Amino acid sequence: MLRAGSFTVNEELAASWARGKRLRKLLVEAPDGIKHVAVELARRLSEAGFDVIVSGRHAWGGCDVGVREALSLGAEGVIHLGHHGHVGPRVTEIPVLFLPVLSEADPMPAFRRAVLEALSSGYRRIAIGVTVQHMHFLGDLEREARELGADPVTGSLDGFRGLVVGCMYSSLSGGEASVVVAGGVFHGLGAALWTGKPVWVADPFTGEAKRVDVKTAVARRLEAISRAIDARSFAVVVSSKPGQMRLRVAELVVEALRKRGREAWLVSLDEVTNEALVNLGAAEAYVNTACPRLAVDDPELFPGPVVNPGELKYVLLGKLDGYSPRDVFFFDARDLA
Ligand code: SF4
């Protein structure tokens with residue numbers, strides 16, 4: 001195992017995977033918080049005889065694998081650090097190894113506090129969620145929850161027990177409440193919006209435990225939808241990232257808007273930036289078919305109000321009745337008929 005700061009990564013697995021597939025030239029990529037691990041792994045793989053390039057791209061998630069980048073550089077395979085696997089369509093043009101980067105930060109003090117708070121709030125059946133960096137602690141977390149008097153439930157995502165990613169929280173389906181072990185509030189907020197139930201975040205890096213408050217996020221969504229109801233023109237953003245591209249959804253959105261007399265056009269982007277959208281000209285509102293979290297966490301990337309496809313039905317109806325925060329994530333084409 002290779003240690004880089006407080007993280008470890010299985011460098012032997014990376015090397016044996018590449019040897020097994022007879023790959024000589026590799027692209028190594030990682031999300032921003034753990035880029036130093038990619039640099040260290042690349043150094044070790046170079047010493048082992050591989051020809052390695054480290055990507056400086058964001059590599060936001062399993063949706064964002066640098067296939068085109070690898071192919072243009074002549075790399076024969078991609079080692080993607082820090083995510084569990086593909087999100088969205090699988091990449092098949094080139095071999096990809098998803099390699100977990102495991103944190104050594106002890107999640108237990110924060111987790112214990114979070115579980116005790118959930119118990120004292122009257123929730124006993126507690127779903128446990130972990131990001132990939134902390135998934136090796138799951139067994140210990142379940143044991144600890146039981147000892148504290150909780151009835152832990154752990155679902156799965158893509159075969160990984162307890163795993164949560166920013167746009168998928170099926171692991172938490174069975175709980176009355178959830179405790180998510182993750183750095184920051186990003187995954188906790190997503191879990192609370194997705195499940196509609198109380199969520200506590202236990203942050204192993206700060207040792208803090210706190211209940212997630214969705215009020216501000218939901219208020220911002222409702223405000224954006226209300227403003228979009230009055231818009232006459234819409235730019236519909238479709239991502240060119242392999243796992244975020246939902247072209248058919250974007251086309252349905254354009255059709256639905258045009259049918260109701262609104263002006264709508266498709267805009268393709270790799271990274272969604274305010275500058276790129278401003279350069280493309282004025283739209284009164286935006287529909288985001290790329291990463292659903294952009295509308296929640298980074299709405300300022302859009303020069304006007306932004307809604308996700310699942311929220312568009314309220315724009316078309318002209319009212320907010322029945323709004324659910326789950327509309328951030330879920331889309332049903334029948335709602336646009
Ligand atoms: S939350 Fe966004 S960046 Fe993360 S996996 Fe989902 S689509 Fe990708």
Side-chain angles (χ1 to χ4, degrees), residues 1-71 73-107 129-141 154 156-166 168 171 181-183 204-205 242-243:
M1 293 292 265
L2 164 65
R3 174 170 287 154
S6 60
F7 294 97
T8 56
V9 66
N10 192 336
E11 66 169 305
E12 294 80 12
L13 178 61
S16 65
W17 171 81
R19 278 195 202 99
K21 295 203 171 299
R22 300 184 187 286
L23 310 175
R24 194 189 54 80
K25 189 167 180 178
L26 303 167
L27 182 71
V28 178
E29 61 185 17
D32 291 351
I34 52 172
K35 282 235 175 355
H36 63 290
V37 183
V39 171
E40 194 53 33
L41 178 65
R43 195 173 65 74
R44 299 287 272 265
L45 290 171
S46 298
E47 287 167 5
F50 295 99
D51 185 0
V52 189
I53 301 169
V54 184
S55 172
R57 282 185 335 105
H58 290 297
W60 297 114
C63 57
D64 189 13
V65 179
V67 183
R68 284 188 299 265
E69 184 184 6
L71 290 172
L73 292 165
E76 297 153 333
V78 177
I79 298 179
H80 181 106
L81 301 183
H83 298 118
H84 75 288
H86 290 290
V87 170
R90 298 183 74 79
V91 168
T92 52
E93 298 96 318
I94 192 168
V96 179
L97 174 67
F98 288 93
L99 198 57
V101 172
L102 304 179
S103 165
E104 293 176 349
D106 180 6
V130 285
T131 53
V132 72
Q133 282 85 359
H134 311 289
M135 63 184 183
H136 52 303
F137 288 109
L138 183 63
D140 294 340
L141 296 170
T154 312
S156 67
L157 171 61
D158 293 345
F160 293 85
R161 290 183 66 247
L163 181 70
V164 295
V165 302
M168 296 193 292
S171 290
V181 175
F205 303 111

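Everything numeric in this text was worked out from a predicted model, so none of it was measured.
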(message) For a 4.5 angstrom cut-off between non-hydrogen side-chain atoms, does Leu99 reach Val9?
(response) yes
(request) Return the minimal non-hydrogen interatomic distance between Ala18 and Leu26, and the atom names on each side. (result) CB-CD1, 4.0 Å
(request) Could you tell me how the ring of Phe205 sits relative to the ring of Phe7: parallel (under 30°), tilted (30 to 60°) or perpendicular (over 60°)? (result) tilted
(request) Please name the residue in the list Arg43, Arg3, Arg44 that meets the side-chain hydrogen bond (donor to acceptor under 3.5 Å, both in side chains) test with Glu11. (result) Arg44
(message) Quick check: do Leu71 and Glu93 have side-chain heavy atoms less than 4.5 Å from each other?
(response) yes
(message) Quick check: closest heavy atoms across Pro242 and Pro89, and the distance to 0.1 Å?
(response) O-CD, 3.7 Å
(request) Would you mind reporting whether Phe98 and Val132 have side-chain heavy atoms less than 4.5 Å apart? (result) no
(message) Applying side chain to side chain contact (heavy atoms under 4.5 Å, CB included) to Trp17 and Leu23, what does each step give before you reach the verdict?
(response) CA-CA 9 Å; Trp17 171 81; Leu23 310 175; 3.6 Å; yes
(request) Could you walk me through whether Met168 and Val87 pass the side chain to side chain contact (heavy atoms under 4.5 Å, CB included) test, one step at a time? (result) CA-CA 9 Å; Met168 296 193 292; Val87 170; 3.9 Å; yes
(message) Within the 4.5 Å heavy-atom criterion, are Leu138 and Thr154 side-chain neighbours or not?
(response) yes
(request) Evaluate the side-chain hydrogen bond (donor to acceptor under 3.5 Å, both in side chains) criterion for residues Glu69 and Ser55: first the C-alpha distance (whole Å), next the side-chain angles of each, then the deciding distance (0.1 Å), finally the verdict. (result) CA-CA 8 Å; Glu69 184 184 6; Ser55 172; 3.0 Å; yes
(request) List the atom of His36, the atom of Ala4, and the distance in Å for their closest heavy-atom pair. (result) NE2-O, 3.7 Å
(request) Working to the nearest 0.5 Å, report the span between CZ of Arg68 and CD1 of Ile94. (result) 12.5 Å
(message) Are the side chains of Phe160 and Met135 in contact, using a 4.5 Å heavy-atom criterion?
(response) yes
(request) Report yes or no: does Lys35 contribute a side-chain atom to a donor-acceptor pair with the main-chain N or O of Arg57 at less than 3.5 Å? (result) yes
(request) Output yes when a side-chain donor or acceptor of Ser171 lies under 3.5 Å from a complementary backbone atom of Gly129, and no otherwise. (result) no
(request) Please list, chain by chain and in numerical order, all residues satisfying side-chain contact (heavy atoms from CB on, under 4.5 Å) with Val54, sequence neighbours excluded. (result) Ala38, Val39, Ala42
(message) Just verifying a value: how many Å separate Asp140 CG and Asp106 CG, rounded to the nearest 0.5 Å?
(response) 9.0 Å
(message) Is there a side-chain contact between Leu141 and Val130 in this structure, where contact means two heavy atoms from C-beta onward sitting under 4.5 Å apart?
(response) yes
(request) Check whether any side-chain heavy atom of Ser103 sits under 4.5 Å from a side-chain heavy atom of Phe137, and report yes or no. (result) no
(request) Any chance you could measure Ile34, atom CD1, to Ser6, atom OG, to the nearest 0.5 Å? (result) 10.5 Å
(message) Exactly one of Ile53, Leu41, Leu97 should register a side-chain contact (heavy atoms from CB on, under 4.5 Å) with Val28. Which one does?
(response) Leu41
(message) Looking at every non-hydrogen atom in both residues, tell me the closest pair between Leu163 and Thr131 and how far apart they are.
(response) CD1-C, 4.0 Å
Identify each donor-acceptor pair in which a side-chain atom of residues 73-82 lies under 3.5 Å from a protein atom, sequence neighbours left out, and give them as a table.
{"residue": "Glu76", "atom": "OE1", "partner": "Arg24", "partner atom": "N", "Å": "2.5"}
{"residue": "Glu76", "atom": "OE1", "partner": "Lys25", "partner atom": "N", "Å": "2.9"}
{"residue": "His80", "atom": "ND1", "partner": "Glu29", "partner atom": "OE2", "Å": "2.5"}
{"residue": "His80", "atom": "NE2", "partner": "His83", "partner atom": "ND1", "Å": "2.8"}

(request) Start with the C-alpha gap between Thr8 and Leu2, add the side-chain angles, then the distance that decides, and say whether side chain to side chain contact (heavy atoms under 4.5 Å, CB included) holds. (result) CA-CA 5 Å; Thr8 56; Leu2 164 65; over 6 Å; no
(request) Can you see which heavy atom on Gly183 is nearest to which on His134, and at what distance? (result) N-NE2, 4.3 Å
(message) side-chain hydrogen bond (donor to acceptor under 3.5 Å, both in side chains) for Asp64 and His58? Distances and angles first, verdict last.
(response) CA-CA 8 Å; Asp64 189 13; His58 290 297; over 6 Å; no
